[in-house]
Structure formats: C-alpha cells, structure tokens
Chemist: 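Before I ask anything, let me first share the structure, which is written out below as structure tokens.
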Amino acid sequence: MTLKEILRKTFDNGYNFAFLDEGAKREIRRKILKAVAIPGYQTPFGSRELPIARGWGTGGLQITLSIIGTGDTLKVIDQGCDGSVNAVNIKKFIGRVTGVKTTTDTNKASIIQTRHRVPEEIMTEDQILILQVPYPEALRTVEPEETETRRMHAEADYSRMWLYLYEDIVRFGEISIGARYPVAVNGRYIMDPSPIPRWDIPKLDRADTLYLFGAGREKRIYAVPPHTEVKPLEFEDYLFRVEDFGDARCRRCGSCDTFLDEIIDDETGKRFYQCSDTDYCDRRTVDGTGS
Amino acid sequence: MKSGEDHQTVSLLTQNIFRLLLDAISRPGRIYEINPAAVGEWDCPVPGVFGNGDSFLLPVLMTLLDKEVSFYVTGNKGTVQEMAEITGAHASVVRDADFVLVPHEAKSKVILEAKRGALQYPDEGATIIFCVERVCEGIENRPCIRLKGPSIADMQRLSITGIDPETFAHLMLINGAFPLGVDSFFVDMEGRVAAIPRSTTIEEVKEWAT
C-alpha cells in the first residue's frame with residue numbers, strides 16, 4: 001500500500017492516523033520523553049478512552065499508537081504468545097488504524113508491544129519494547145496511599161520495601177515474589193518491571209533496547225533507556241535468582257534454556273513444559289535446532 | 001492544513017520527528033538527522049522565526065508544543081507572538097515555561113531560572129531547545145564535551161558549535177541534583193539533532209570554539 005492509500009484509508013475510516021487525536025499523541029509523546037530522561041520515574045499522563053477496556057493493555061496501546069509510524073513493523077505478544085486473543089486483537093486494531101506491517105518474528109519487528117514477557121531473543125537498539133503494566137507502583141504492596149508512595153520515591157525512602165523483603169525471607173526462607181519483582185533503576189528509583197517473570201529481569205539491565213512501560217488505568221508512563229542499570233532488589237546473603245525448571249525441556253523444541261510454561265493435560269493429569277515465547281519455539285522447531 | 005489529507009501528512013511528519021527526538025534522548029549525545037525532504041513537504045509556513053537556517057526548528061516545535069504547554073524565548077521578543085500563533089502554546093515567564101527556546105548564538109544564562117521540577121514531580125522540569133550552528137560526533141583533541149550516565153554504554157563525545165560556551169557549565173549546575181533538572185535538545189541548521197537529558201553527566205568541557 002502506498003503512503004497515500006494508507007492516509008486515504010485511515011481518513012475514510014473516520015479515524016486519525018493511529019486512532020488517537022494529535023493533541024493526545026503530543027501529550028503522551030511529551031510524557032514519554034520525560035520518562036526516558038528520568039529512568040524508572042512514573043510520569044503521570046492523561047490516559048485516553050480507547051475501544052478496549054482499561055486493564056487490557058490500554059497503557060501499552062497508547063504508547064504504541066503515539067510512537068508508531070508507517071515504516072514500522074509491529075509484533076504484539078501476550079505472555080510470550082503471538083496467538084492469544086488479546087495480542088491478536090490489539091495487533092489487528094493497530095494494523096487497521098495505521099496500515100503498518102505486522103509480524104510474529106521478533107527479529108523483524110521494530111516495535112513490540114507485550115504483556116508479561118520479554119522475548120527470549122536478544123533485542124537490538126533498533127527495536128523498542130512496550131510493556132503493558134497493570135500496577136505501576138512497586139511500593140503499593142507496602143503503602144496504599146499514592147501521596148505517600150510519591151513522597152517515598154521523592155526522598156528515595158525505600159526502607160519499608162527492604163523491610164518487606166526481609167520479612168518475606170523470615171517467613172519463607174527466601175524472597176517469594178515471582179512476577180513483578182521490584183528493581184532499582186540507575187541506582188535511584190525502585191520500579192515495578194510489570195508482571196514479567198524473574199527470568200526476564202536480567203534482560204532489562206544495560207540492554208541495547210529502549211523499554212517503555214504504560215499503565216492506562218493508573219495513568220502512568222515510565223521507561224528504562226538503553227544501557228541503564230536495572231538491579232533486582234536482593235540482600236548480600238539472599239541473592240536474586242531466576243526461575244529454575246530443573247531438568248524440564250520444551251516438549252516441542254526441546255529447549256532447556258528458555259522460560260517454560262507448565263501445561264497440565266486435563267484428562268491424564270500429565271505435566272508438560274513448553275516455551276512461553278511461541279515465536280522463538282516455532283523458529284527452533286522449524287530450523288531443526290530443537291531436538 | 002485545511003483538508004483531511006494535509007492533516008494526516010502533518011500527523012505522519014510529527015510522528016517521524018518525535019521518533020527522532022525519542023532516539024536522541026534515549027541515546028544522549030548521538031546525532032540523528034531530520035530528513036530535509038520530509039520537512040520540505042511540510043504544508044504550512046516556515047517563517048524562520050529565528051532567522052535563516054532554522055527551518056528545522058518549526059517541525060520540532062510543532063511536534064512538542066500545543067495549547068497545553070507554555071514557552072519562553074530568550075532574547076528575540078519579536079518571535080513570541082508568531083510562535084504562539086503557530087503552535088497554540090502560550091508565552092510565559094521563564095520560571096514557569098515548559099519549553100525554553102534558546103536561539104542561535106543567544107546567551108544561555110537565563111536557563112538557570114528554568115523550572116527544574118519538584119522532587120515529587122521531577123517531570124515538571126523544563127525542556128530546553130537550543131538552536132545551534134552544528135552538532136557532530138565529538139572527535140578527540142577537538143573542543144567537545146564528554147557525556148556519561150545511564151543511556152550511554154561507555155562514554156559519548158559530542159561537539160556543538162554556534163552555542164554560548166557557558167551553556168554546559170549552566171547545565172551541569174542545573175542538573176546537579178537528579179532527578180531535578182532540565183532536558184535539552186540541540187537542533188542544528190542542517191536538521192541534525194542531539195539531546196542531553198538531565199540524567200546525563202557532562203564530564204569535561206574543553207576549550208570551546210564558537
């Protein structure tokens with residue numbers, strides 16, 4: 001499709017390019033620039049109404065719509081999967097209001113919107129990963145009031161978070177947080193990395209890629225710029241570790257170095273493991289690199 | 001910009017420029033270029049508010065400014081009215097301005113008064129846009145600044161000409177208490193753009209050639 005046809009098509013549909021009006025995009029863009037300039041800080045923004053419900057990826061969607069252009073190639077995943085209903089519908093929607101190319105191949109995408117996973121493939125500096133965030137405030141577990149958590153971030157007063165982690169160790173023998181593991185960004189802000197598994201936390205640290213986080217319902221945008229230190233909170237004697245799958249391998253591609261989903265067969269009760277990143281798994285299966 | 005199609009064209013151009021600004025602020029000190037052909041298609045007057053050679057500034061302003069924000073222009077007061085009309089943004093005093101524009105060769109001392117945000121809302125710190133003669137990758141033994149900090153793998157050299165040499169000392173002072181501070185974009189006469197966000201430390205300023 002030529003540029004003119006895309007323009008004609010989106011205009012004939014009655015929508016602006018990328019659905020949002022220009023004023024909304026400008027505001028979101030200004031906030032994204034501030035978020036990148038202050039790594040890990042939650043920038044408030046005027047979250048707009050969209051044709052999907054709040055809590056279904058509207059924060060990520062607004063970031064994607066504000067940054068996407070006709071030259072981009074889009075991939076959308078939900079828990080690592082290109083084929084889940086939420087991912088497919090978000091991808092269709094963005095495709096319809098922008099005319100951009102879409103893909104499932106991580107290497108071919110310039111923009112990837114994701115819910116709860118970072119792709120297994122190491123992303124490059126030409127790519128942007130946009131994470132959907134349900135609860136942007138990492139301190140919410142220890143403090144219910146927004147004005148107070150804002151004060152705590154302002155003063156870098158994180159003692160209650162550390163105390164919470166200490167109490168967790170006392171109770172369970174280790175830090176029991178799975179997804180949403182709190183991290184320190186650039187040695188300053190404690191940040192909620194969204195409900196990605198621990199497995200993905202090391203991928204945020206000093207990456208080549210820009211990570212943008214959008215919480216639509218909570219009206220917050222934050223960012224981890226490239227080459228920025230992201231450290232999971234840990235104690236010297238209780239170090240952070242990622243999930244351990246033991247000897248489990250993916251039943252499709254045989255991988256033992258990827259994040260695996262546990263699947264239980266309803267009838268036989270048998271447990272299987274399978275890569276959570278479906279694109280990575282598919283490509284390993286096709287090129288025969290799997291076993 | 002009356003018909004829908006022109007509106008859409010502007011929409012795509014500002015998207016293009018925004019991505020460039022996003023790249024620039026994500027990778028401080030690296031040079032990104034506005035495509036002159038894209039700006040040539042811009043279907044609205046480019047008055048060259050700051051004199052000849054600043055035709056790349058307007059697209060940047062159109063991308064960032066609108067009626068929700070305020071701006072301040074150092075030096076040349078004649079441009080304020082025109083700026084307000086074009087962008088829809090309103091003029092204000094420097095200490096309240098969301099955007100501060102420092103025209104080519106203007107003294108930059110006034111940026112010391114720009115908003116640095118509050119500890120609870122550091123994002124309220126101003127964005128400073130400097131119109132300069134030229135930005136380029138810094139070369140060793142030439143006057144340049146060395147940038148360090150998050151977003152920079154090791155160290156980044158940047159050379160800027162046509163700017164008040166005091167600017168970098170001012171920026172170091174303003175951005176000395178992270179997360180408070182200002183974020184700066186440098187737009188040159190040929191459409192090259194570089195950024196220095198507040199998180200970046202300006203490490204060394206060698207002798208400056210203007």
Side-chain angles (χ1 to χ4, degrees), chain A residues 3-4 6-8 10-12 16-18 21-23 25-27 29-46 66-72 125-126 128 147 150-151 153-156 185-189 206 208-210 212 221 223-229, chain B residues 3-19 21-28 30 62-69 87-88 98-99 117-125 127 149-154 156 175 178-185 195-200:
Chain A
L3 181 64
K4 212 157 194 169
I6 293 165
L7 294 174
R8 172 57 58 204
T10 48
F11 185 63
D12 285 349
N16 190 20
F17 177 79
D21 62 86
E22 291 304 302
K25 281 194 264 183
R26 261 193 307 271
E27 197 241 354
R29 286 169 181 168
R30 286 193 295 261
K31 297 302 166 69
I32 292 172
L33 295 178
K34 287 296 172 194
V36 173
I38 316 169
Y41 165 74
Q42 298 167 54
T43 312
F45 81 108
S66 301
I67 73 173
I68 202 163
T70 48
D72 280 307
E125 67 169 34
D126 298 321
I128 298 175
T147 47
R150 203 154 264 280
R151 181 201 63 77
H153 282 298
E155 296 170 8
V185 179
N186 184 30
R188 176 59 177 82
Y189 285 103
R206 296 185 178 89
D208 289 333
T209 310
L210 168 65
L212 297 173
I221 290 172
V224 174
H227 310 294
T228 299
E229 184 191 76
Chain B
S3 77
E5 199 158 304
D6 286 346
H7 174 76
Q8 294 280 18
T9 309
V10 171
S11 163
L12 292 185
L13 285 172
T14 50
Q15 182 277 333
N16 211 286
I17 305 244
F18 166 71
R19 275 293 274 283
L21 299 176
L22 179 61
D23 279 339
I25 203 146
S26 302
R27 295 173 179 86
R30 276 221 231 162
M62 295 291 280
T63 303
L64 295 174
L65 271 64
D66 60 22
K67 60 182 183 297
E68 290 184 19
V69 295
T87 62
D98 298 311
F99 289 85
L119 273 175
Q120 304 207 354
Y121 292 95
D123 57 297
E124 288 174 359
T127 303
S151 319
I152 298 171
D154 177 27
Q156 181 75 37
N175 293 336
F178 184 85
L180 303 185
V182 299
D183 308 302
S184 310
F185 287 98
I196 302 182
R198 69 187 73 184
S199 55
T200 296

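Numbered from 1 within each chain, the chains take letters A, B, ... in sequence-line order.
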Chemist: Could you tell me which of A/Val224, A/Asp208, A/Val36 has the largest number of non-hydrogen atom pairs under 4.5 Å with chain B?
Modeler: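 Greatest number of close heavy-atom pairs with chain B: A/Val36.
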Chemist: Could you have a look at A/Arg151, A/Lys31, A/Glu155, A/His153 and say which one has the most heavy-atom pairs with chain B under 4.5 angstrom?
Modeler: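 Counting heavy-atom pairs under 4.5 Å, the top option is A/Arg151.
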Chemist: Got a second to check how far B/Leu21's CG is from B/Phe185's CZ, nearest 0.5 Å?
Modeler: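 Answer for the CG-CZ pair, B/Leu21 versus B/Phe185, is 5.0 Å.
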Chemist: So how far is it from B/Phe18 CZ to A/Ile32 CD1, rounded to the nearest 0.5 Å?
Modeler: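 Answer for the CZ-CD1 pair, B/Phe18 versus A/Ile32, is 4.5 Å.
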Chemist: Heavy-atom cut-off 4.5 Å, strictly under: side chain, backbone, both or neither for A/Glu229 against chain B?
Modeler: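 Neither; nothing under 4.5 Å.
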Chemist: What residue, out of A/Thr147, A/Val185, A/Leu33, has the most heavy-atom pairs lying under 4.5 Å from chain B?
Modeler: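 Highest number of pairs under 4.5 Å: A/Leu33.
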Chemist: How about A/Lys34 and A/Phe45: do any of their side-chain heavy atoms sit closer than 4.5 Å?
Modeler: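 SC-SC contact between A/Lys34 and A/Phe45 ruled out.
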Chemist: Heavy atoms only, distances under 4.5 angstrom: which of A/Ser66, A/Ala223, A/Gly69 has the most pairs with chain B? Name it, please.
Modeler: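 So the answer, after comparing A/Ser66, A/Ala223, A/Gly69, is A/Gly69.
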Chemist: Among B/Lys67, B/Glu124, B/Arg27, which has the most heavy-atom pairs under 4.5 Å with chain A?
Modeler: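 Sorted descending by pairs with chain A, the first entry is B/Arg27.
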Chemist: Under 4.5 Å from any heavy atom of chain A, what part of B/Ile196 do you find: side chain, backbone, both or neither?
Modeler: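 For B/Ile196, there is no contact with chain A at all, as no heavy atom is under 4.5 Å.
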Chemist: Please determine if A/Asp72 and B/Arg19 form a salt bridge, counting it only when a charged side-chain N lies under 4.0 Å from a carboxylate O.
Modeler: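 Yes, A/Asp72 and B/Arg19 are salt-bridged.
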Chemist: Charged N to carboxylate O below 4.0 Å: is that the case for B/Glu68 and A/Arg30?
Modeler: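 Yes, charged N to carboxylate O under 4.0 Å.
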Chemist: Under the criterion side chain to side chain contact (heavy atoms under 4.5 Å, CB included), I'd like the reasoning laid out for A/Arg29 against B/Thr14: C-alpha separation, chi angles, the key distance, then a yes or no.
Modeler: CA-CA 10 Å; A/Arg29 286 169 181 168; B/Thr14 50; 3.7 Å; yes
Chemist: Considering only heavy atoms, which portion of A/Ile128 lies under 4.5 Å from any heavy atom of chain B: side chain, backbone, both, or neither?
Modeler: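 The side chain, not the backbone.
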Chemist: Side chain from CB out, backbone as N, CA, C, O: work out which of these in B/Ile25 comes under 4.5 Å of a heavy atom of chain A, or both, or neither.
Modeler: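 Both backbone and side chain.
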Chemist: Report which part of A/Glu125 has an atom under 4.5 Å of a heavy atom belonging to chain B: side chain, backbone, both, or neither.
Modeler: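 Both backbone and side chain.
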Chemist: How close do A/Glu22 and B/Ser11 get, heavy atom to heavy atom, and via which atoms?
Modeler: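 Taking A/Glu22 first and B/Ser11 second, the nearest heavy atoms are OE2-OG, 2.9 Å.
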Chemist: Measure the spacing between CZ of B/Arg30 and CG of B/Asp23 and express it to the nearest 0.5 Å.
Modeler: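 One gets 8.5 Å once the value is rounded to the nearest 0.5 Å.
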Chemist: Count the heavy-atom pairs under 4.5 Å between each of A/Ile67, A/Leu210, A/Thr228 and chain B, then report the option with the highest count.
Modeler: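 Ranked by contacts with chain B, first place is A/Ile67.
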Chemist: For the candidates B/Ser199, B/Pro197, B/Ala153, which exhibits the highest count of non-hydrogen atom pairs separated by less than 4.5 Å from chain A?
Modeler: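 The residue among B/Ser199, B/Pro197, B/Ala153 with the greatest pair count is B/Ala153.
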Chemist: Which one, B/Ala24, B/Pro122, B/Gly149, B/Ala195, leads in non-hydrogen pairs under 4.5 Å with chain A?
Modeler: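 Most pairs with chain A among the choices: B/Pro122.
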Chemist: Could you look at B/Asp66 and say if it's the side chain, the backbone, both or neither that has a heavy atom under 4.5 Å from chain A?
Modeler: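 Both parts, backbone and side chain.
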Chemist: Which answer fits B/Thr127, side chain, backbone, both or neither, if we ask what part of it has an atom under 4.5 Å from a heavy atom of chain A?
Modeler: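 Both backbone and side chain of B/Thr127 come within 4.5 Å of chain A.
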Chemist: For A/Ile38, does its backbone N or O pair with a side-chain atom of B/Arg198 as donor and acceptor, under 3.5 Å?
Modeler: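 Pair absent, no side-chain N/O of B/Arg198 close to backbone of A/Ile38.
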Chemist: To the nearest 0.5 Å, tell me how far A/Tyr41 OH sits from B/Gln120 CD.
Modeler: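 Between atom OH of A/Tyr41 and atom CD of B/Gln120 there are 9.0 Å.
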